[in-house]
Enquirer: 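Have a look at this one.
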Amino acid sequence: MTPEPTPSAPTAPLSPAPHRHTDTKHGGAKHGDGRHDGKHGETKHAEVKQGGAKHGGTVPPAVVRHESSRPWQLAALAGLAAVALALGIWSLLSVDPDRIGGTGLVEALPAVYFVALALSLAGFVATLNLRRHTPALLAGQVLVLVVILHAADPIVHGLPRLEASYRHLGIADYIARSGQLDTNLDAYFNWPGFFDLLGLLSGATGVRDLMGIATWAPLGINLLLLAPLLALATRLTSQPRQAWAGVWIFYLTSWVGQDYLSPQAYAFMLLVTLLACLLSVFSGWAWPTGSKPFTRSLAHTVAKLDPTVQHQGITSPPPADAAVLLVVCAGILVAMTASHQLTPFAVVPILALFVLTGRLRLRYLPILAAVLPIGWLVFVASAYFEGHLGQLFGSFGDIQANTLGAVTQRVSGSEDHVQVVYTRLAEVAFVWVLAAVGAVMAHRRRTAWLTAAVGALAPLALVPGQPYGGELLLRLYLFSLPFAACLAVLILIPDRQGAPGWKRSIALLVMGSVLATATVVTRYGNDSMEKFTREDVSLVNRLYATAPAGSILIEAVGNTPWQFQKYAEYDYRELLAAQPRPDAAPLTCDAPNRIAQRTGAYLIITTSQKVAAELLETTPPGDLDRFIATCGASPGWTKVFDEPGGVVFHIKGAGNGI
């Protein structure tokens, strides 16, 4: 694929595209292609005011320079960020994990944590309101927020969160040790890109135990997202302060929790990087907008909606550079396709709408983006495709089941869990309302908004597909969030260069405080079951040391920190998935006895399983304790371990007696 040629000028003039992220004003003349970004700093450009005639002469232009921020202000804000960071880390280190209850981490956080969070928010808003745009200080303020808001799990617990983190470690370990991809072992091996990367990292560094990387993944992934998020936000907004505020809002509302060591986190980083690269280098119409009635009408409609969308005459990089960048973008698409099932499909409608709105001149790229995941599913993941046709297409077109059905299923469980779910729904609605209001206001001001709007709406095209295990809406919210956040800030951050003013800043601080407080609940609302203790992991390690290779290992409820090693050496089973079960019946001894009937099995019940069962009401209250007491006394059941992390039973089989 080669870059599309720059189209010719339209026959019908379009609304001029104003400069983006620049301070230069000179009588209204536009120069260049309207895409100059400068250094994003007011002091880098001087406002030139054209004077009128006086006594028959010409008054030379008066140069008005923006006043620089005072050094003491910069020092004070840097000190404020340092204090917020220190208080935030100290408060998280002082959390007692045993106090984490049904509504999550918020129940155990000390008041000092919220003081630190408030100082972080105030520091960012005050930095944004400085006369001089200071990117370095803004970056520091955002980094402090990321640590305080998104590094709570590794600081408080010191272990990876979510059962899937441990499973992903096991897959990477298996690939690194065996060098093989066994697609019959697990569906993950059909999309091995992320796990190959982990295995490569393990082999290159000689570090076999990646538990530390998994523990700190939420912080690391959010830090790695900062640069591509800012690059994308810069292309979606009219001036740099709007871009920084959009990134800030993203981190304040990113509660989905897909920033653990997972293919989704990796694919999302690739997605944001890809879109930022395309909008930076290949922006423009994919065809001459004046050659045909359809293209002329389309360009006119787009220009009427958003006159800042660039149309004709934009400069292109040298052909060699463009070819290299195009290969890089195609490589990102391939890496995404090889790593995750859903994200490659999400990028297709985004790219298609970018082409149709004049923001992507590579007309064939959406086609390539669609062919890659479809071809991968049909040919590379053919075994999975043929064996899961019902799961893949059984809900196709059933919008109600994929949306309201998934939401209804999640609004269940204990009262505390339901409260967290409703808070999440409210935050999502609030973000979308802010985005809609921001889009309307930007349209009236004739400033940039359309690209962010189509980016936010495009992922919804996946709704008719399938529910993605009940998580489709969560993933669509994640895909749309970078765009929605950039729309939300348009309500309060003006299009002109310079500080937004204290009234707007106070309103922004209030909005940020509401979002941050909600995110503490929405992000960590399931922390009681998503966290694991060292006792849980210790019990699993003792099980591995005891059970012979090839044994059947059973978990009562699917919430055990295992499979991080010996991924292919055991036959892993679960009695109940960790999900709400209205009117759940008590567990009986029959199911594990049937599984162990021939060769025997080991049954593990951890504290984390009990917490998940209680929170989601997977079983009746106290049922796992009753199950342990009743079945543990049954013939053939032997208690192997009874520790603070839980219990392990050996169930004797009729075959070889192991």
Enquirer: Check Y477, F250, Y524 against W255 for a ring-ring contact (aromatic ring centres under 6.0 Å, His included) and give me the one that passes.
Expert: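 Exactly one option meets the ring-ring contact (aromatic ring centres under 6.0 Å, His included) with W255, and it is Y477.
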Enquirer: Thinking salt bridges, do R573 and D571 make one under a 4.0 Å N-O criterion?
Expert: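 The answer is yes: the pair qualifies as a salt bridge.
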Enquirer: Between N559 and S608, is there a donor-acceptor pair closer than 3.5 Å when you use the side chain of the first and the backbone of the second?
Expert: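 Pair found, side chain donor or acceptor close to backbone of S608.
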Enquirer: For a quick test of reading the model, state the closest non-hydrogen atom pair linking P344 to P373 and the distance between them.
Expert: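 Smallest interatomic distance, heavy atoms only, reads CB-CB, 3.8 Å.
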Enquirer: Just checking, any donor-acceptor pair under 3.5 angstrom between side chains of T253 and E427?
Expert: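 Side chains of T253 and E427: no pair found under 3.5 Å.
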Enquirer: Check step by step if side-chain contact (heavy atoms from CB on, under 4.5 Å) holds for D642 and V648.
Expert: CA-CA 7 Å; D642 188 352; V648 173; over 6 Å; no
Enquirer: Rounded to the nearest 0.5 Å, how far apart are CD1 of I651 and OG1 of T599?
Expert: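 Answer for the CD1-OG1 pair, I651 versus T599, is 11.0 Å.
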Enquirer: Is any side-chain heavy atom of V514 closer than 4.5 Å to a side-chain heavy atom of F430?
Expert: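 Yes. Closest side-chain heavy atoms under 4.5 Å.
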Enquirer: Counting heavy atoms not belonging to R99, are there more than 12 under 6.0 Å from its CZ?
Expert: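 Count not over threshold, so no.
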Enquirer: Do L198 and L261 come close enough that some side-chain heavy atom pair is under 4.5 Å?
Expert: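 Yes. Closest side-chain heavy atoms under 4.5 Å.
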Enquirer: Do T607 side-chain atoms and P644 backbone N/O form a donor-acceptor pair below 3.5 Å?
Expert: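 Confirmed, T607 side chain pairs with P644 backbone.
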Enquirer: Show your working on side-chain contact (heavy atoms from CB on, under 4.5 Å) between Q180 and D182 and close with a plain yes or no.
Expert: CA-CA 6 Å; Q180 298 178 356; D182 187 352; 5.8 Å; no
Enquirer: To the nearest 0.5 Å, how far apart are CD1 in I604 and CD1 in I554?
Expert: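 The CD1 atom of I604 sits 11.5 Å away from the CD1 atom of I554.
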Enquirer: Say you draw a straight line from CZ of R534 to CG of L539; how long is it, rounded to the nearest 0.5 Å?
Expert: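 Nearest 0.5 Å value for the CZ-CG distance: 15.5 Å.
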Enquirer: In terms of ring plane angle, is the pair Y188 and H168 parallel, tilted or perpendicular, where the classes change at 30° and 60°?
Expert: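 The arrangement is perpendicular - the two ring planes meet at more than 60°.
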Enquirer: Mind checking whether P592 and W637 have side chains closer than 4.5 Å, heavy atoms only?
Expert: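 When only atoms from C-beta onward are counted, W637 and P592 do touch, with a gap below 4.5 Å.
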Enquirer: Going by distance alone, is a donor N or O of one side chain under 3.5 Å from an acceptor N or O of the other, for T103 and Q419?
Expert: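 Judged by distance alone, the side chains do not pair up.
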Enquirer: When rounded to the nearest 0.5 angstrom, what is the spacing between CD1 in I155 and CD1 in I148?
Expert: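 Rounded to the nearest 0.5 Å, the CD1-CD1 separation comes out at 9.0 Å.
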Enquirer: Within a strict 4.5 Å, meaning less than it, do heavy atoms of the L201 and I213 side chains meet?
Expert: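 Side-chain contact under 4.5 Å: yes.
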Enquirer: Is it true that W562 and Y166 have ring centroids separated by less than 6.0 Å?
Expert: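 No: the rings miss the under 6.0 Å criterion.
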Enquirer: Using side-chain heavy atoms (C-beta onward) and a distance below 4.5 Å, is L624 in contact with L587?
Expert: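 They are in side-chain contact.
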Enquirer: Between F195 and L181, is there a side-chain heavy-atom distance shorter than 4.5 Å?
Expert: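 Of all side-chain heavy-atom pairs linking F195 with L181, none is under 4.5 Å.
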Enquirer: Check the side chains of E163 and T560 for a donor-acceptor pair under 3.5 angstrom, ignoring hydrogens and angles.
Expert: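 Note: T560 and E163 side chains miss the donor-acceptor criterion.
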Enquirer: If you take all heavy atoms of F564 and P561, which pair is closest and at what distance?
Expert: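 F564 and P561 have their closest heavy atoms at CE2-O, 3.2 Å.
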Enquirer: Could you check whether any side-chain N or O of T519 sits under 3.5 Å from a backbone N or O of T522, counting only pairs where one atom can act as donor and the other as acceptor?
Expert: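 Here the side-chain-to-backbone pair does not exist.
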Enquirer: Treating E617 as the side-chain partner and R581 as the backbone partner, does any N or O pair qualify as donor plus acceptor under 3.5 Å?
Expert: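 No, E617 side chain to R581 backbone: no donor-acceptor pair under 3.5 Å.
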Enquirer: Walk me through it: do L271 and F479 pass the test side-chain contact (heavy atoms from CB on, under 4.5 Å)?
Expert: CA-CA 9 Å; L271 171 66; F479 297 147; 3.9 Å; yes
Enquirer: Should K610 and D625 count as an ion pair when the cut-off is N to O under 4.0 Å?
Expert: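 Yes, K610 and D625 are salt-bridged.
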Enquirer: Donor-acceptor check, side chain of Y570 to backbone of A547, threshold 3.5 angstrom: yes or no?
Expert: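 Confirmed, Y570 side chain pairs with A547 backbone.
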Enquirer: Checking D623 side chain against T619 main chain: does a donor-acceptor pair fall under 3.5 Å?
Expert: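 Judged by distance alone, no pair lies under 3.5 Å.
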Enquirer: Does some side-chain heavy atom of Y251 sit less than 4.5 Å from a side-chain heavy atom of L226?
Expert: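 Yes, close enough: below the 4.5 Å cut-off.
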Enquirer: Where the side chain of D173 meets the backbone of L169, is there a donor-acceptor pair that is under 3.5 Å apart?
Expert: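 No, D173 side chain to L169 backbone: no donor-acceptor pair under 3.5 Å.
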Enquirer: Pair H157, D527 - check side-chain contact (heavy atoms from CB on, under 4.5 Å), show working.
Expert: CA-CA 10 Å; H157 306 299; D527 202 50; 2.9 Å; yes
Enquirer: Please report whether the ring centroid of H340 lies less than 6.0 Å from that of F268.
Expert: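 Centroid separation for F268 and H340: 6.0 Å or greater.
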Enquirer: Which atom names give the shortest non-hydrogen contact between G413 and V418, and what distance separates them?
Expert: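 Smallest interatomic distance, heavy atoms only, reads O-CG2, 4.0 Å.
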Enquirer: Return the CD to CE distance between E614 and M529, rounded to the nearest 0.5 Å.
Expert: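 These two atoms lie 13.0 Å from each other.
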Enquirer: What's the separation between atom CG in L474 and atom CZ in R424, rounded to the nearest 0.5 Å?
Expert: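 CZ of R424 is found 7.5 Å from CG of L474.
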Enquirer: Looking only at non-hydrogen atoms, find the nearest pair between T618 and A584 and report the distance.
Expert: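 For T618 and A584, the tightest heavy-atom pair comes out as O-CB, 3.2 Å.
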Enquirer: Pick from R475, Q341, Q258, E471: which one makes a side-chain hydrogen bond (donor to acceptor under 3.5 Å, both in side chains) with Q264?
Expert: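 Of the listed residues R475, Q341, Q258, E471, the side-chain hydrogen bond (donor to acceptor under 3.5 Å, both in side chains) partner of Q264 is R475.
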Enquirer: Any donor and acceptor pair, going by atom type alone, linking the side chain of S262 with main-chain N or O of Y260 inside 3.5 Å?
Expert: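 At least one qualifying donor-acceptor pair exists.
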Enquirer: Provide the closest heavy-atom pair for Y266 versus S339 in the form atom of the first, atom of the second, distance.
Expert: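 Where Y266 meets S339 most closely, the heavy atoms are CE2-OG, 3.2 Å.
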Enquirer: Is there a donor-acceptor contact under 3.5 Å linking the side chains of N190 and W376?
Expert: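 The answer is no; no qualifying pair exists.
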Enquirer: Looking at F189 versus Y174, is the centre-to-centre ring distance below 6.0 Å?
Expert: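 Yes, the ring of F189 comes within the 6.0 Å limit of the ring of Y174, centre to centre.
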Enquirer: Can you check whether L270 reaches T343 side chain to side chain, under 4.5 Å on heavy atoms?
Expert: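 A side-chain contact under 4.5 Å is absent here.
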Enquirer: So, the side chain of D259 versus the backbone of L219: is there a donor-acceptor pair under 3.5 Å, distance only?
Expert: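 Absent.
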Enquirer: Do side-chain atoms of Y544 reach the backbone of Q563 as a donor and acceptor pair under 3.5 angstrom?
Expert: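 Yes: the side chain of Y544 pairs with the backbone of Q563.
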Enquirer: Over all heavy atoms of both residues, which pair between T588 and F627 is shortest? Give the atoms and the distance, please.
Expert: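 Minimum heavy-atom contact is O-CE1, 3.3 Å.
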Enquirer: Would N541 and S538 count as having a side-chain donor-acceptor pair, cut-off 3.5 Å?
Expert: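 Judged by distance alone, the side chains do not pair up.
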